[in-house]
Structure formats: structure tokens, C-alpha cells
**Q** 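To start, I am sharing the structure in question, which I have written as C-alpha cells.
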Amino acid sequence: MSDVRSHLKSLERSRLSRSDPKRPGVFSLAGREWDLLDEVFAPIHSPSTSIALDFLGLTEPDPGAAPSSLLEIGCGSGVISVQAALSNCTTVAADINRSAVENTRMNAERHGVTDRLTVLHSDLFDALDDGARFDRVFWSSNYVRAPADYRYGSVHERAYVDAGYRTHRRYLEQAVHHLTDTGSALLHFCERGDAAGLAGIAEETGRELRVLRRRTVLEGTDPVEHTLLEVRPAGRHAQSGARDTASGLPVRG
Ligand SMILES: C[S@@+](CC[C@H](N)C(=O)[O-])C[C@H]1O[C@@H](n2cnc3c(N)ncnc32)[C@H](O)[C@@H]1O
């Protein structure tokens with residue numbers, strides 16, 4: 001396995017972030033202050049959250065934006081969901097980690113958006129009503145693949161690795177069932193993930209993946225490409241034929 005995709009390296013990142021003696025209780029991002037609880041994914045230790053804000057056009061909230069709705073799977077400390085709610089977006093934020101649920105509620109209160117942001121403790125879509133539909137469903141995922149028999153040592157590790165890509169498989173299967181007629185199911189993925197494995201799961205689950213956005217950032221000395229993927233039922237739309245050079249996935253036509 002290439003080093004960049006090593007699940008052991010990602011587990012080490014989780015350990016270092018969790019045990020950092022300088023880990024703050026409050027951090028700054030996108031011009032705001034955010035509470036950070038123990039056991040919750042720390043945006044200050046990874047570029048992912050800032051990149052996700054950029055991918056979704058939420059780096060600067062727009063209170064005058066047209067009304068919309070978002071389901072954020074894996075809300076962590078709640079930065080993305082709160083920025084969406086500040087942009088006139090009725091938002092549901094869900095996480096499997098109870099500390100993340102509490103942390104997102106704290107940040108929703110801190111930024112005055114509890115009227116537009118509902119927070120759920122949920123394993124992916126399990127706690128949602130069957131009929132819940134959104135303009136966007138989004139997950140900034142734990143894109144590194146761990147072996148199928150890996151046993152998590154902490155709930156914090158669930159932000160970093162997905163054992164056997166079981167959660168990615170369920171996300172690809174289920175996200176499209178929670179969309180409005182014109183909605184999009186989105187996945188923030190990364191070169192640290194197993195793009196070929198994900199493409200195989202898409203095929204097995206009758207989904208196609210399309211690259212909407214790409215951004216390369218330096219992590220230490222490694223350039224690492226992040227991608228915003230759209231998940232769609234296979235065969236619904238003609239594809240452009242163009243392919244992303246890094247992942248081999250089709251790009252926006
Ligand atoms: C990379 S972190 C992103 C956190 C946050 N969105 C951010 O950008 O700061 C991935 C998140 O997915 C959550 N997660 C992992 N598996 C999940 C599942 N089965 N259901 C819901 N959330 C899950 C993790 O707990 C973690 O909060």
C-alpha cells in the first residue's frame with residue numbers, strides 16, 4: 001500500500017490529534033471561534049474542514065442566499081453545518097460520535113442558528129425519517145480504508161478510517177434516497193483514500209461517481225489531492241468522457 005494511503009498513518013494522526021497537550025477548547029476558523037470537545041475531529045489538525053467549506057461555497061456565509069436545505073453526515077465540531085445555517089440553509093447535522101453531536105449543538109448556540117440547525121446522533125441515515133429530503137447531502141468522509149477486521153480503539157478514530165469501507169458502501173447506497181428531485185449527494189474524498197476501491201463499490205451498488213471539484217494541499221511535504229465527488233444512480237446522465245487523472249473517475253461534463 002502506498003504510504004499516503006496507510007491506515008496506520010491515519011490512526012497515528014488520530015492519536016496525535018486526540019492527545020495533543022496544546023489541543024484547544026476553542027479554535028478559530030473562517031473568521032469565527034468554535035468550541036472543540038475531546039474526542040471530536042479537530043479542524044485545526046487537518047485541512048479537510050477548510051477545503052470542505054471551499055467546496056461547498058461556505059467559507060464566507062451568505063445570509064442573503066436563496067433558501068436551501070443540507071444534510072451533513074459526520075458534522076464533527078459543526079463548522080460546516082453552522083456556516084450552512086448562516087447561509088439561509090435549513091440544516092440537519094448528524095454524527096455517530098455523541099461528543100460531535102454535543103459539540104455541534106454548542107457551536108449552533110454560539111452562532112445563533114439553533115432555529116435552522118437540527119443535530120442528530122445517527123449512524124449515517126439511521127435516525128432520519130424515511131421521507132427526509134434535502135437539496136444537498138454531504139459527507140466529508142473518513143476516506144482512509146482500514147482492513148475489514150479493524151476494531152476501532154476510540155470513537156475519534158471513526159473520523160479518520162473506515163474499516164472495509166463499509167460506511168462508504170452504505171453512503172453510496174443510501175445518500176441518493178434523501179434528495180429532493182434536483183438534489184445532489186456529495187462526498188468529500190481524498191487521495192489518501194482508495195479511489196479504485198470506491199469506484200468498485202459504486203459499480204456494485206449501481207452508482208456513478210463524478211468529480212466536481214479538486215484541490216491539492218501540502219500536508220507536511222506531501223501534496224495531497226482532495227476531491228468533491230457527486231454520487232448518482234448509474235446511467236441517469238450522459239458522461240462527458242473526460243476522466244480525472246489522479247482517481248480515474250469521470251469529471252464534470
Ligand atoms: C473527517 S471527519 C469530518 C468532521 C467535520 N465534518 C469537519 O469537516 O470538521 C468525519 C466525520 O464523520 C463521522 N462519521 C464516521 N462514521 C460515521 C457514521 N457511520 N455515521 C455518521 N457519522 C460518521 C466521524 O465521527 C467524523 O465526525
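Ligands are counted one by one from 1 in listed order, and the atoms in each one are counted from 1 as well. Here the structure is a predicted model, which means the values were calculated and not measured.
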**Q** Is the Lys NZ or Arg CZ of Arg215 less than 6.0 Å from the centre of Phe55's six-membered ring, within 45° of the axis?
**A**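 So Arg215 doesn't make the cation-pi contact.
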
**Q** Is the shortest N/O to N/O distance between Ser141 and ligand 1 below 3.5 Å?
**A**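 It does not: no N or O of Ser141 is found under 3.5 Å from an N or O of ligand 1.
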
**Q** Can you list the residues that meet the side chain to side chain contact (heavy atoms under 4.5 Å, CB included) rule with Asp222, with sequence neighbours excluded?
**A**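 Once residues adjacent in sequence are excluded, the partners of Asp222 under the side chain to side chain contact (heavy atoms under 4.5 Å, CB included) criterion are Val224.
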
**Q** How are the rings of Trp139 and His168 set relative to one another: parallel (under 30°), tilted (30 to 60°) or perpendicular (over 60°)?
**A**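 If you compare the ring of Trp139 with that of His168, the planes turn out tilted.
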
**Q** What is the nearest protein non-hydrogen atom to atom 15 (C) of ligand 1, stated with its residue, atom name and distance?
**A**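 That would be Arg158 O, 3.3 Å.
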
**Q** Just do the salt bridge (Lys or Arg N to Asp or Glu O under 4.0 Å) check on Glu173 and Arg207 with the steps written out, would you?
**A** CA-CA 7 Å; Glu173 282 171 346; Arg207 302 289 178 250; over 6 Å; no

**Q** Between His7 and Tyr150, how do the two ring planes meet: parallel, tilted or perpendicular, split at 30° and 60°?
**A**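 It falls in the perpendicular class, over 60°.
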
**Q** Nearest heavy atom to atom 25 (O) of ligand 1 wins, so pick from Asn97, Asp162, Asp95.
**A**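 That would be Asp95.
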
**Q** For residues Ser69 and Asp135, is any side-chain donor paired with an opposing acceptor at under 3.5 Å?
**A**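 Distance-only check passes for Ser69 and Asp135.
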
**Q** Of all the heavy atoms in Ser48, does at least one lie under 4.0 Å from an atom in ligand 1?
**A**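 No, Ser48 has no heavy atoms under 4.0 Å from ligand 1.
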
**Q** Show which atoms of ligand 1 fall inside a sub-4.0 Å distance from at least one heavy-atom site of Ile80.
**A**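 Listed by number with element: 6 (N), 8 (O).
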
**Q** Heavy-atom contact check, 4.0 Å cutoff: does Cys75 meet ligand 1?
**A**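 Yes, Cys75 has a heavy atom closer than 4.0 Å to ligand 1.
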
**Q** Just which atoms of ligand 1 are under 4.0 Å from any heavy atom in Ser122?
**A**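 Listed by number with element: 20 (N), 21 (C).
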
**Q** Nearest protein heavy atom to atom 10 (C) of ligand 1, by residue and atom, and its distance?
**A**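 Checking every protein heavy atom, the shortest distance to atom 10 (C) of ligand 1 gives Ser140 O, 3.3 Å.
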
**Q** I want to confirm something. Looking only at heavy atoms, which of Asp123, Ile96, Ile44, Leu120 is nearest to atom 22 (N) of ligand 1?
**A**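 Going through Asp123, Ile96, Ile44, Leu120 one by one, Ile96 has the nearest heavy atom to atom 22 (N) of ligand 1.
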
**Q** Locate the shortest heavy-atom distance separating Cys89 from Ala84; write the atom from each residue and the value.
**A**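 Taking Cys89 first and Ala84 second, the nearest heavy atoms are CB-O, 3.0 Å.
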
**Q** Say whether Glu72 and ligand 1 are in contact under the criterion: heavy-atom distance to a ligand atom below 4.0 Å.
**A**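 Yes, Glu72 has a heavy atom closer than 4.0 Å to ligand 1.
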
**Q** Quick one: does Tyr143 get within less than 4.0 Å of ligand 1, heavy atoms only?
**A**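 Tyr143 does not count as a contact of ligand 1 under the 4.0 Å cut-off.
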
**Q** Parallel, tilted or perpendicular for Phe138 and His188, by the 30°/60° rule?
**A**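 Taking His188 first and then Phe138, their aromatic rings sit tilted (interplane angle of 30° to 60°).
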
**Q** Counting heavy atoms only, which of Pro43, Ala159, Gly74 is nearest atom 4 (C) of ligand 1?
**A**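 It is Gly74 that holds the nearest heavy atom.
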
**Q** Heavy-atom contacts with Thr167 under 4.0 Å: which atoms of ligand 1 show up? List them by number with element.
**A**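 Those of ligand 1 that fall under 4.0 Å from Thr167 are 19 (N).
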
**Q** By number and element, which atoms of ligand 1 are closer than 4.0 Å to a non-hydrogen atom of Trp139?
**A**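 Per the distance check, 12 (O).
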
**Q** Side chains of Asp20 and His45: donor-acceptor distance under 3.5 Å anywhere?
**A**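 Yes, a side-chain donor-acceptor pair sits under 3.5 Å.
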
**Q** Might you work through the salt bridge (Lys or Arg N to Asp or Glu O under 4.0 Å) test for Arg169 and Glu204, ending with a clear yes or no?
**A** CA-CA 9 Å; Arg169 177 177 292 272; Glu204 286 161 23; 2.6 Å; yes

**Q** Applying side chain to side chain contact (heavy atoms under 4.5 Å, CB included), run through Leu29 and Ile44 and close with a yes or a no.
**A** CA-CA 8 Å; Leu29 189 71; Ile44 48 162; over 6 Å; no

**Q** So which heavy atom in the protein is nearest atom 8 (O) of ligand 1, and how far is it from that ligand atom?
**A**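 Among all protein heavy atoms, the one nearest atom 8 (O) of ligand 1 is Thr49 OG1, 3.2 Å.
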
**Q** Counting heavy atoms only, which of Asn103, Val40, Leu124 is nearest atom 20 (N) of ligand 1?
**A**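 Closest candidate by heavy-atom distance is Leu124.
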
**Q** If you measure from each heavy atom of Asn142 to ligand 1, is any distance below 4.0 Å?
**A**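 It does; at least one heavy atom falls under 4.0 Å.
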
